[in-house]
Amino acid sequence: MIIREKCTCPLEIAHDIIKGKWKTMIIYQLKNGNTSLAQLERDIDQITQKMLLQHLRELISCGIVDKIKTEGYPLHVEYYLTERGRKLLEAVLIMQEIGIEYMVERGQTDLLDRKSISYKK
């Protein structure tokens with residue numbers, strides 16, 4: 001991930017941090033607290049472990065996500081949102097609302113129903 005050194009707007013930096021297919025979904029999945037890598041992989045349809053690890057490393061490097069390693073065997077690692085990550089989660093939840101509204105307007109509610117995502121008809 002490259003975060004530009006010079007920018008014309010702070011929004012460019014935020015965009016650099018969250019750009020990528022999976023980052024907003026990772027942030028969303030961490031909304032309820034600490035989560036293991038395996039659980040994130042199960043919760044995010046079609047993400048590969050390689051992409052999940054890459055995006056987690058990038059989110060950690062920007063201070064959005066952090067991890068806790070538990071000593072012992074097997075090694076257990078849990079990921080969680082930092083304070084900055086929780087702020088970003090607020091924006092992700094607004095983005096999700098906009099996506100839901102858009103899908104409902106177009107009658108594309110099958111996915112919302114399958115995933116038990118509530119919406120107003």
Side-chain angles (χ1 to χ4, degrees):
M1 170 179 61
I2 298 173
I3 296 182
R4 59 193 92 197
E5 292 292 322
K6 294 182 180 181
C7 62
T8 60
C9 172
L11 201 49
E12 290 175 318
I13 302 298
H15 178 264
D16 287 347
I17 291 170
I18 64 167
K19 72 181 171 188
K21 181 176 180 178
W22 305 107
K23 288 182 185 166
T24 54
M25 288 184 262
I26 293 168
I27 292 165
Y28 180 81
Q29 290 302 327
L30 291 170
K31 73 185 179 306
N32 295 325
N34 298 8
T35 306
S36 69
L37 182 71
Q39 188 61 50
L40 284 170
E41 203 171 350
R42 282 190 295 272
D43 291 341
I44 303 172
D45 291 342
Q46 299 179 359
I47 194 168
T48 63
Q49 188 177 73
K50 177 183 176 184
M51 289 308 301
L52 178 56
L53 287 168
Q54 178 181 328
H55 284 306
L56 283 167
R57 276 192 300 272
E58 292 174 5
L59 290 168
I60 288 169
S61 74
C62 294
I64 304 299
V65 171
D66 208 348
K67 63 183 177 180
I68 300 169
K69 293 181 185 179
T70 305
E71 297 297 324
Y73 182 81
L75 178 66
H76 185 73
V77 178
E78 289 189 337
Y79 296 89
Y80 65 94
L81 292 174
T82 63
E83 185 175 334
R84 182 181 294 158
R86 288 188 300 274
K87 286 181 188 176
L88 190 52
L89 174 62
E90 294 175 30
V92 169
L93 293 173
I94 292 168
M95 292 166 49
Q96 183 187 38
E97 287 177 26
I98 292 167
I100 291 169
E101 288 173 8
Y102 186 89
M103 292 174 79
V104 169
E105 287 169 6
R106 284 154 184 75
Q108 300 171 334
T109 57
D110 291 349
L111 175 68
L112 301 175
D113 294 335
R114 275 197 320 272
K115 294 196 172 245
S116 300
I117 298 172
S118 63
Y119 58 91
K120 297 176 187 171
K121 294 182 181 185

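With salt bridges taken as basic N to acidic carboxylate O contacts below 4.0 Å, one links K115 and D45. Ionic pairing of K67 and E78 is not present here: no N-O contact between side-chain nitrogen and carboxylate oxygen is shorter than 4.0 angstrom.
The local environment of CG in L75 is crowded, with over 12 non-hydrogen atoms from other residues, nucleotides or ligands closer than 6.0 Å. No more than 12 heavy atoms of other residues, nucleotides or ligands lie within 6.0 Å of NE2 in H15, so this atom counts as exposed by the packing criterion. Counting non-hydrogen atoms of other residues, nucleotides and ligands closer than 6.0 Å to CD of E105 gives a total above 12.
Considering only heavy atoms from C-beta on, L37 comes within 4.5 Å of Q49 through its side chain. Counting only heavy atoms from C-beta outward, the side chains of Y80 and V65 never approach each other to under 4.5 Å. Residues I27 and I64 are in side-chain contact: their nearest non-hydrogen atoms beyond the backbone lie under 4.5 Å apart.
When the side chains of ILVMFWY residues are joined at heavy-atom separations under 4.5 Å, either directly or via intervening members, I117 and L111 end up in a single hydrophobic cluster. Tracing side-chain contacts under 4.5 Å through hydrophobic residues (I, L, V, M, F, W, Y), one never reaches Y119 starting from V92; they form parts of separate clusters.
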task: Please lay out, stage by stage, how K19 and D16 fare under the test side chain to side chain contact (heavy atoms under 4.5 Å, CB included).
output: CA-CA 5 Å; K19 72 181 171 188; D16 287 347; 3.6 Å; yes

- request: Kindly indicate, with the supporting measurements, whether the criterion side chain to side chain contact (heavy atoms under 4.5 Å, CB included) is fulfilled by T70 and V77.
  value: CA-CA 6 Å; T70 305; V77 178; over 6 Å; no

field: Full working for side chain to side chain contact (heavy atoms under 4.5 Å, CB included) between I44 and Q29
entry: CA-CA 8 Å; I44 303 172; Q29 290 302 327; 3.7 Å; yes

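Residue K120 holds its NZ atom at 8.5 Å from CD of E101, rounded to the nearest 0.5 Å. Atom CG of residue L93 and atom OH of residue Y28 lie 7.0 Å apart, to the nearest 0.5 angstrom. Distance CD1/I18 to NZ/K23: 9.0 Å, rounded to 0.5 Å. Note that NZ of K50 is 11.0 Å distant from NE2 of H55, once rounded to the nearest 0.5 Å. Summarising the geometry, atom CE belonging to M95 is positioned 11.0 Å from atom CG belonging to L89; distances are rounded to the nearest 0.5 Å. Taking CG of L88 as the start and CD1 of I17 as the end, the distance is 7.5 Å to the nearest 0.5 Å.
Between the side chains of Q54 and R57, not a single donor N or O lies within less than 3.5 Å of an accepting N or O.
Residues that satisfy the salt bridge (charged side-chain N to carboxylate O under 4.0 Å, His left out) test with E12, not counting sequence neighbours, are R4.
Nearest heavy atom pair, residue C62 against residue R84, reads O-NH1, 2.6 Å.
For the pairing with Y79, the side chain to side chain contact (heavy atoms under 4.5 Å, CB included) check across I68, I60, N34 returns one residue only, I60.
Between the side chain of T35 and the backbone N or O of L40 there is no donor-acceptor pair closer than 3.5 Å. Of the possible polar contacts, none joining the R86 side chain to the K31 backbone as a donor-acceptor pair under 3.5 Å is found. For T109 (side chain) and L112 (main-chain N/O), no donor-acceptor pair under 3.5 Å exists by modelled atom type.
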